[in-house]
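Beneath this line is the structure, given in structure tokens, with notes to follow.
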Amino acid sequence: GKLEGHRGQITEVNYSFKIKLSDYKKVIAVTSTIADEGKTTVCINMALSFALIGKKVLLADCDTNSSGVLKALGVNEDELDYSIVTDKYKIAYVDKHKIYVMKLVADGDKKDAVNSDNLATIFSSLKVNYDLIFVDTAACGADSDALFVAQVSDGVLYVILQDTVRISKIQDGLDSLISTDSEILG
């Protein structure tokens with residue numbers, strides 16, 4: 001049926017990423033050149049796809065400009081039971097999607113949480129508990145926050161919406177990521 005077709009596609013995605021998402025590639029940042037290119041949708045779909053095949057997945061909302069992960073999942077934050085709460089982040093399990101979600105906690109400016117040296121420590125400590133961590137970030141062409149997240153991630157997926165952004169702007173975004181020594185996974 002329809003679900004089996006999707007599972008076949010997920011298996012293909014899983015197989016094609018296996019080369020790049022080996023055991024040491026656990027934290028995957030997802031960014032784009034500008035807002036509204038679909039990076040949050042891609043990030044969520046990747047997380048849900050891997051959860052569907054039994055992976056323990058954390059979806060981290062680190063987009064300081066537009067925190068839309070919970071809304072896109074159809075989840076009301078007030079209804080979440082955060083099982084882990086620290087001074088830097090909080091994590092809840094979303095049963096209907098079989099994934100964990102992480103929100104940054106910031107006193108005042110959310111950008112401080114992303115720019116802090118603690119982001120590397122956060123991901124490093126969380127890697128041991130999850131098979132994959134997908135990180136929704138701000139667009140790298142509009143904000144340096146994505147570059148900070150990319151630096152502490154194991155790889156980056158770069159989303160491009162066809163016929164939306166000039167090639168020179170896309171290249172600038174990719175060059176910015178490359179300058180942080182981030183590995184572009186796709």
Side-chain angles (χ1 to χ4, degrees), residues 6-7 9-31 39-64 67-77 79-106 110 113-138 145-159 177 180-186:
H6 287 297
R7 285 190 186 186
Q9 291 171 341
I10 292 164
T11 302
E12 287 176 31
V13 168
N14 189 29
Y15 179 76
S16 65
F17 271 102
K18 211 168 222 160
I19 295 166
K20 291 187 177 185
L21 290 183
S22 58
D23 289 338
Y24 65 94
K25 299 281 189 224
K26 288 194 168 193
V27 181
I28 310 302
V30 180
T31 191
K39 63 182 176 43
T40 299
T41 301
V42 168
C43 190
I44 290 170
N45 285 334
M46 292 296 295
L48 294 175
S49 295
F50 280 96
L52 187 64
I53 60 170
K55 299 294 182 186
K56 186 176 180 183
V57 178
L58 175 67
L59 178 57
D61 189 350
C62 293
D63 186 341
T64 55
S67 184
V69 167
L70 292 177
K71 183 179 178 183
L73 285 171
V75 174
N76 183 341
E77 185 171 4
E79 297 172 3
L80 287 177
D81 180 21
Y82 287 100
S83 57
I84 299 172
V85 178
T86 73
D87 61 334
K88 299 291 180 193
Y89 62 90
K90 54 188 179 178
I91 296 175
Y93 183 69
V94 180
D95 189 52
K96 73 178 181 178
H97 295 299
K98 308 294 185 223
I99 63 169
Y100 294 82
V101 292
M102 182 186 94
K103 301 258 312 164
L104 294 174
V105 175
K110 190 175 177 183
V114 172
N115 293 343
S116 74
D117 293 331
N118 292 327
L119 198 56
T121 305
I122 290 170
F123 289 145
S124 179
S125 67
L126 292 174
K127 276 187 197 186
V128 298
N129 297 319
Y130 299 94
D131 295 319
L132 289 163
I133 300 171
F134 287 96
V135 187
D136 186 40
T137 71
D145 292 344
L147 302 179
F148 288 109
V149 175
Q151 285 179 320
V152 299
S153 298
D154 298 322
V156 179
L157 291 176
Y158 197 86
V159 177
L177 286 169
T180 67
D181 292 328
S182 299
E183 184 176 351
I184 309 297
L185 301 174

Next on the checklist: With side-chain contact (heavy atoms from CB on, under 4.5 Å) as the criterion, how do Lys90 and Leu80 come out once you've worked through the C-alpha distance, each side chain's angles and the decisive distance to 0.1 Å?
Outcome noted: CA-CA 11 Å; Lys90 54 188 179 178; Leu80 287 177; over 6 Å; no

Item to check | Ile28 and Leu185, any side-chain heavy atoms less than 4.5 Å apart | outcome: yes

Next on the checklist: Using side-chain contact (heavy atoms from CB on, under 4.5 Å), reason through Thr86 and Ile122 one step at a time and then give a plain yes or no.
Outcome noted: CA-CA 10 Å; Thr86 73; Ile122 290 170; over 6 Å; no

Checklist entry - More than 12 non-hydrogen atoms from neighbouring residues, nucleotides or ligands closer than 6.0 Å to NZ on Lys56, yes or no? => result yes

Next on the checklist: Set out, in order, the CA-CA distance, both residues' side-chain angles and the distance that settles side-chain contact (heavy atoms from CB on, under 4.5 Å) for Tyr100 and Val94, then state yes or no.
Outcome noted: CA-CA 6 Å; Tyr100 294 82; Val94 180; over 6 Å; no

Checklist entry - Going from OG1 on Thr40 to CG on Asn45, what distance comes out if it is rounded to the nearest 0.5 angstrom? => result 10.5 Å

Checklist outcome for this item: The reported gap from OG1 in Thr41 to CE in Met46 (rounded to nearest 0.5 angstrom) is 13.5 Å

Item to check | Closest heavy-atom pair and its distance - Lys96, Gly74 | outcome: NZ-O, 3.1 Å

Checklist outcome for this item: Sorted by chain and number, sequence neighbours left out, side chain to side chain donor-acceptor pair (under 3.5 Å) with Tyr93 holds for none

Item to check | Residue pair Ala138 / Ala146: nearest heavy atoms and the distance that separates them | outcome: O-CB, 3.1 Å

Checklist entry - Are Phe50 and Asp131 close enough that some pair of their side-chain heavy atoms sits under 4.5 Å apart? => result no

Checklist entry - Are Val135 and Phe123 close enough that some pair of their side-chain heavy atoms sits under 4.5 Å apart? => result yes

Next on the checklist: Do Lys98 and Leu52 make a side-chain contact, defined as non-hydrogen atoms from C-beta onward lying under 4.5 Å apart?
Outcome noted: no

Item to check | Pairwise side-chain contact, Leu126 with Met102, heavy-atom cut-off 4.5 Å (strictly under) | outcome: yes

Checklist entry - Shortest non-hydrogen contact from Cys43 to Phe134? => result SG-CB, 3.7 Å

Checklist entry - Are any non-hydrogen side-chain atoms of Leu70 and Val101 less than 4.5 angstrom apart? => result yes

Item to check | From Ser182 atom OG to Asp154 atom CG, the distance as rounded to the nearest 0.5 Å | outcome: 10.5 Å

Item to check | Shortest non-hydrogen separation from Lys26 to Lys127 and the atoms involved | outcome: NZ-O, 3.4 Å

Checklist entry - Please walk me through it: do Ile84 and Tyr89 pass side-chain contact (heavy atoms from CB on, under 4.5 Å)? => result CA-CA 8 Å; Ile84 299 172; Tyr89 62 90; 4.0 Å; yes

Checklist entry - Under 4.5 Å between any side-chain heavy atoms of Ile99 and Leu58, yes or no? => result no

Checklist entry - Out of Val30, Val149, Asp136, which one pairs with Asp63 under the side chain to side chain contact (heavy atoms under 4.5 Å, CB included) rule? => result Asp136

Checklist entry - What pair of heavy atoms forms the shortest contact from Ile133 to Ala60, and how long is it? => result CG2-CB, 4.4 Å

Checklist entry - Is any side-chain heavy atom of Thr137 less than 4.5 Å from a side-chain heavy atom of Phe148? => result no

